[in-house]
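So the structure is just underneath, and the comments pick up after that.
Note that this is a predicted model, so its numbers are computed, not measured. Proteins come first, then strands; the chains are lettered A, B, ... in the order of their sequence lines, and each starts at number 1.
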Amino acid sequence: IHEPLIFETGHVATTGVDVEEPAAFESRLGGHARKTPIDLPGLTEPETMRHYVRLSRQNYAIDLGLYPLGSCTMKHNPRLNEKMARLPGFADIHPLQPLSTVPGALELMQELSHWLCAMTGMTAVALSPKAGAHGELAGMMAIRAAIAAKGETRHVVLVPESAHGTNPATAAALGYKVESIKAREDGTVSVEAVKEKLSADVAAIMLTNPNTCGLFEPEVKAIADAVHEAGAYFYGDGANFNAIVGKAKPGDLGVDAMHINLHKTFSTPHGGGGPGSGPVVLSERLAPFAPVPFLRADGTLVERADEAGEGEMPFGRLTAFHGQMGMYVRALAYMMSHGADGLKEASEDAVLAANYLKAQLADVMSVSFPDRPAMHEVLFDESFLKGSGITTLDFAKAMIDEGYHPMTMYFPLVVHGAMLIEPTESESLPSLDLFIATLRDLARSAREGDTARFTEAPRLAPRRRLDETKSARKPVLTYEPPAPYQEAAE
Amino acid sequence: IHEPLIFETGHVATTGVDVEEPAAFESRLGGHARKTPIDLPGLTEPETMRHYVRLSRQNYAIDLGLYPLGSCTMKHNPRLNEKMARLPGFADIHPLQPLSTVPGALELMQELSHWLCAMTGMTAVALSPKAGAHGELAGMMAIRAAIAAKGETRHVVLVPESAHGTNPATAAALGYKVESIKAREDGTVSVEAVKEKLSADVAAIMLTNPNTCGLFEPEVKAIADAVHEAGAYFYGDGANFNAIVGKAKPGDLGVDAMHINLHKTFSTPHGGGGPGSGPVVLSERLAPFAPVPFLRADGTLVERADEAGEGEMPFGRLTAFHGQMGMYVRALAYMMSHGADGLKEASEDAVLAANYLKAQLADVMSVSFPDRPAMHEVLFDESFLKGSGITTLDFAKAMIDEGYHPMTMYFPLVVHGAMLIEPTESESLPSLDLFIATLRDLARSAREGDTARFTEAPRLAPRRRLDETKSARKPVLTYEPPAPYQEAAE
Amino acid sequence: MRYHPLTADDRALMLRSIGVDTVDDLFTDVPAGHLVEGLLDLPKGRSEISVERALSRMAGRNRAAGAGPFFVGAGAYRHHVPASVDHLIQRSEFLTSYTPYQAEISQGTLQVLFEFQTQVARLTGMEVANASMYDGSTATAEAVMMASRLTRRTRAVVSGGLHPQYRDVIDTVATGIEVAALPADPTNAEDIAAAIDDTVACVVVQTPTFYGHLVDLAPIAEAAHAAGALLVAVFTEAVALGAIEPPGALGADIAVGEGQSIGNALNFGGPYVGLFATKKKHVRQMPGRLSGETVDADGKRGYVLTLSTREQHIRRDKATSNICTNSGLCALAFTIHMTLLGEKGLSRLAHLNHARACATADALARVPGVSVLNDTFFNEFTIRVPGEAERVVERLAEWNILGGVPVSRLDPSAPGDLIVVAATEMTTEEDIAEYAEVLGGLK
Amino acid sequence: MRYHPLTADDRALMLRSIGVDTVDDLFTDVPAGHLVEGLLDLPKGRSEISVERALSRMAGRNRAAGAGPFFVGAGAYRHHVPASVDHLIQRSEFLTSYTPYQAEISQGTLQVLFEFQTQVARLTGMEVANASMYDGSTATAEAVMMASRLTRRTRAVVSGGLHPQYRDVIDTVATGIEVAALPADPTNAEDIAAAIDDTVACVVVQTPTFYGHLVDLAPIAEAAHAAGALLVAVFTEAVALGAIEPPGALGADIAVGEGQSIGNALNFGGPYVGLFATKKKHVRQMPGRLSGETVDADGKRGYVLTLSTREQHIRRDKATSNICTNSGLCALAFTIHMTLLGEKGLSRLAHLNHARACATADALARVPGVSVLNDTFFNEFTIRVPGEAERVVERLAEWNILGGVPVSRLDPSAPGDLIVVAATEMTTEEDIAEYAEVLGGLK
């Protein structure tokens, strides 16, 4: 299954699009007309179809099987949502056409905002962030603006060591000094550890809850109180919100800002790495600082900072236009389909599935934090592989040969050789059981010293292990024709 | 890749569709309400998606590679056509809503009729036949009606031995006695052979042109004249019309009726075996006998025989409603996209590709009729395998391991171990060259006695060779639960 | 042309390899003077934008079912098709594959057809089903011919409750069979049993009838069997079988019907999917393709097209039918939708359909001058209106209400004041209220 | 719930296996009193039909671009997307896969991204490109931050021709960078070179500008380089690069832009796809994901995510950017559409766009009181209208003409009588004539 690159099969004179030839006219390009050839090969439509259909078959996907990537939430993507997002009234409207011609779009955004606020128990939402990390930026900027509005300056952001890499990256991007908080033995953060670091220089804590070990932080409320007492803000990373929708509200727990990954919790498709969408819900204290564009409660859209009214202090703009409308439609379709009851059931089923895996695998793999209930994902470490010569990476690659996508590996960093498994609510019991049986079989193989099954894996994938070092050392990032062709072209 | 049946994984209490519960009401089912359980298992939506996506991957398809099934015309299926057929104005209209509410549908049918008549040089078209064989039935019924209208009775239909099996089956279904005509050495039918069989008892000849050996019948005009002189009609099987669109018109050649496989010539997708669509074009002599529903030149639709006007003598109705509207839309989109120039180019490229294969393979495989130009397909026989112990079937199965769908095997019956290859105009030159290289390599293997490569094939398919005899002897046509389950259910 | 990969250079190279100068040198067998200079009366190729505009314009001239109240049925029904169904049938591997002649690389299609056959058999209460026919009407005609082959008799009694166009198709297609059609039957009063004698190959009965009535098949089956005839049971609304006793449980020998209701759009009448089921003992006289379970060389379960000795590509003029193509993709849509529904979903869907139809019937019965003819029905019934039905339907359409099918449009011999009215899960209370109000206001 | 495969029996069995009684026993870590009793202020789940109705109603309230004459651009453009593009991106294997962390089973996505990077590099005339950013505006802000890292300077000069919202995004996001924004420039009169000194990290110039003018980047690049600064070239209309000299050929150090024009719908502003290209030597300071060529254990060519040591999931607070997600699916649409176009198709498409814009400009220039500000433009230009632009645009909308974007909507400091008007291959002659006529008739 070697599929050539389009640069190897296409020609610059070939096209798969018939374009009408206009009548002669006077060009207004001035002296700017292109003289440099582009060297962009084309393919006809049948060739294009075949090339990309064939390429697609070299991908794993949630539609093909269980995709247990912890923290990534690979759940079912309903096709209804794709259909809705393609309605001309959503897909074929321009962000800058008169607002009077898009009342339905504003209605949808307002409806989505209502659901997000109701689920999180928060006051306001900034819809425009383009992805989770962008949402973090939005939330932290709102915090920075709120602090500035009080006439304060604070320089430190506290981040538990189990946090997603985007947390410290975001804080650093805003010029904050990042201070790490160690987790306890049981994988959670203690209020004492937080208090130790709190000071008048601390702007915020960024806490993921449920955390990246798949545990609900039991002291979250106390931590929030302590943080607030210190005049700081509580940023909640919402990447794992899917575990608690309909079960607990971040707003009740003291969160001031939290981004919501629509592509995780509300199932907008990941598309091989995006697009995402990361609306940020804000507490009453932070609501005034939401960036433009934002919707007022009366449904009017504030597009520019100078349009802001009394008590509105937008910290700026994060992106052109209104954000990821296409994702809003999908997420709202998902929410309406589930409803309050279905959303709660989704959280419960996801948690149930993770704990079932944990229970069924605890005797053959090492559960990192066995004493607390797992939430929607369960963390293992490589101690059960000790002495086998098999690493987490090897174990993961062996899963590929069994027809599975591996779990998240080596994250979080709090345990050695982490394996973070998130089954989601989309798997049936037979599917979970088959997955458990497969993992048990692999664990048995590892125990019995069948090392080759792991170190040689994958054998049944479109490619065997790929040399990442070579790629990083001498990166080849664009296609360059082989030398003879170059000569011929010269 | 064993994918269980839905009957093995689903449950009657599981559903992937949420249905609203109506308020209580008084049933009008009388005593007819269902008492017998149906035993229809359901799956939730994520399970359903995965099941059918996984099943789909056990199919070969034109979007995956060259599909050289002679006489079946597996060419590119433009997605524009799928999109057009799904416009609510075409997909969401009812065949029995008032005609005043569907002028666009009638316009489309009239436009399609215009294209079909213009391309074939014929007078009228009956759109309603549901597939090629159904079109044959329509054409032959029109002929029968025309003969009856003249007060004659004729009992014999002439069919060359190279004809598609549907030809004699159709004639027989109408009560005709089928007489076979032998082909000449060169694969074509001679006017003499036809004349020998002609008599006052002959109703029609059914001739495929280009014929199933991939040859244009050089004496077609003389045959038509002879048939007409005998008071009989010339039925043209249009399965291979794709070779001559824009190059020759059946009407000019004396054809009285010809069905057109929209799914072959005009690329409506085959969908694993249908739906097809087989409009029949009719000569002036046969036009009055078109079945209902038919469109008059003025665009009015005649739905019932009793609505027929002067000179209109519909022989009846072949199907409820108006035929395959969904296919009409796709075919017209195809025609409009190609236009007169593109349609001609398609025929030429298809013929060119077939002759190129013939030229490149003539030295290693046996071309059955080397002396005439091939049209859109080229016929080989198994003489090049003589003595190797390898059959056409083995050769075909070995192609599967090379990533190709085999050609049409053992058809037509006029040569031994026929291999009928139709590359179509959708293949690029590199694609044709790779196919040629593969066939040459296989032919070399066969010559060199690497028998296992053939008799053991396929090895790389989702299944190895399947036992057809077992299936025919003791047919298992529906799923029956294994005995223990049955007991449990009792 | 965007669909043609060969370039001018490719063509030149290929011509050289073949050893001819021009492509017309490959068309030398076309009789002199008959090679045409292109299609001069047809326009040139157009861009995708242009084709899309032209066809969208035509589509825009049609009143889509979803554009307002809609009560048209009579053999085709507007149901909701889950988005996942249409998505799945467009997978390249399903959409662009051929008839599964090479079983080893067609297991996707073959297993789907096997599932389809099982679903259809269970739904109809029969033992076996084929892999689909063109549509319900052609399936019915094939059933009559099959019954004739089985009984070696050449008379068919056809109920007056059969869809008039189905009757026309039998009349047209069943060569050599004398069709005794009972009078059109808007009131469900016919005595079919009385029309059966021992010259009869089969009796063809639709339930729910064209007029919506539910028919008790059991006594008819008994009468038919007593006379050595077969009962061909017909249905045009597959969803009904979620709510009523299936033909198999009532003695039918062959059950045929239209499967469009499940998974398939209205499409102005096609493509649809004919369902065809019968008893095991008749399977070798059944027309159409069959997918059968078997094993491969390694003993793995798999599926093949089977019993093809019945078919035309093997048997030629001895085939059971001239049918070659089936409705594979529509059958796939049926199977996926049915899998999503399952028994629970189908039952609920049928129940909801019935509820909506009852509400519609009640509302229309309250309109002065309008009466409902049916005592029993599923999701469709017949009303009598004051005045000419065809005109009433046209007037309603002017009010953007598609109110049903005038019986006289299909059967000129029927009374001129009858409309067949259907409701489904797509019918809203607002639709019903609007229909009743406008119908009541028509002068 | 139709999406949840677990049945009540399954759940009971699983709870037993876990050793708890109820699912709430798994939520014991939630602080006392904070486990909620469901979402009481939200409605229950709805059927697919019902959701479809609700959302279709909302969609129906919006005036779709295709519903009449349409001249709105200013950073997002209505182009024709071939049906095959949208079909392919919906393939399960593309749509429902994650970031290609496991390269062996993600070669589809990785090879596509490699093709994308190559296409973007060639289109912009740069050496390397990343695997996409959120959109053009965020890509521009990232480019400014990258330039600051590369030059270790903290001032950015921003042209008045830059899209006002892009400028706002830089202002907001580029923490620690002083942004010197030149005045809005509707007439293309600015002297950027004069604003550059040796404190400047980069100069940010858009061409075609927000107002549609074409800018000669070469002298600006020269001035920037002379001062040790970088040129960040911005474009919001990728199709333009089929017709005009690319930034790479004119000396740009970083080229960023919006790729929506190729393969992606308008979507009310998102999701879009940011393009980001630069020189090879800067690659280790480039934000965003990269797909790189390598070989597998058998020596077969393959692709992996590479240089991830720049990224946040490895580097955490030392990352080049906090960006994690990219616009994979939009990049896929871009790549497929670009593959279909090829150089020939892109050139023709650009030519046609330019032709339509010229025709539009000529027609509007003939309207009394209306003047076109541009000497040069690609498919977009600015007109001055009598009266308030926002009101004119509203009046046009009442006539079902979406006539463009009032500059003052985005930039309150700009003159109030300017409208940015765009035309593409979707613009018909009828559209143009109607616009001119109605604009001329407005009182």
State plainly whether the residues [X] and [Y] are in salt-bridge range, i.e. N to O under 4.0 Å.
X	Y	result
A:Glu348	A:Lys247	yes
A:Arg304	A:Asp306	yes
A:Glu107	D:Arg57	yes
D:Arg356	A:Glu20	yes
D:Arg11	A:Asp349	yes

Atom NZ of A:Lys470 with >12 non-hydrogen neighbours under 6.0 angstrom: no
field: Exceeds 12 heavy-atom contacts within 6.0 angstrom, atom CD of A:Glu468
entry: no
Side chain, backbone, both or neither of [X] within contact of chain A (heavy atoms, under 4.5 Å):
X	result
D:Asp135	side chain
D:Arg348	both
D:Asn374	neither
D:Leu40	neither
D:Glu425	neither
D:Ser17	both
D:Arg301	both
D:Ala249	side chain
D:His351	both

- request: Could you tell me which residues satisfy side-chain contact (heavy atoms from CB on, under 4.5 Å) with D:Glu52, sequence neighbours excluded, listed by chain and number?
  value: A:Leu80, A:Lys83, A:Met84, C:His80, D:Glu48, D:Ser56
Let me know if [X] has heavy atoms under 4.5 Å from chain D in its side chain, its backbone, both or neither.
X	answer
A:Glu345	both
A:Met74	side chain
A:Asn355	both

message: D:Arg63: which residues meet the salt bridge (charged side-chain N to carboxylate O under 4.0 Å, His left out) condition with it, sequence neighbours left out?
response: none
When heavy-atom pairs shorter than 4.5 Å are enumerated against chain D, which of [options] gives the highest number?
options	value
A:Ala23, A:Pro291, A:Ala171, A:Ala333	A:Ala333
A:Tyr67, A:Phe90, A:Tyr60	A:Phe90
A:Gln58, A:His270, A:His32, A:His2	A:His32
A:Pro373, A:Pro103, A:Ser100, A:Pro22	A:Pro103

- line: From the list D:Val304, D:Thr28, D:Val51, the residue making the most non-hydrogen contacts under 4.5 Å with chain A is D:Val51
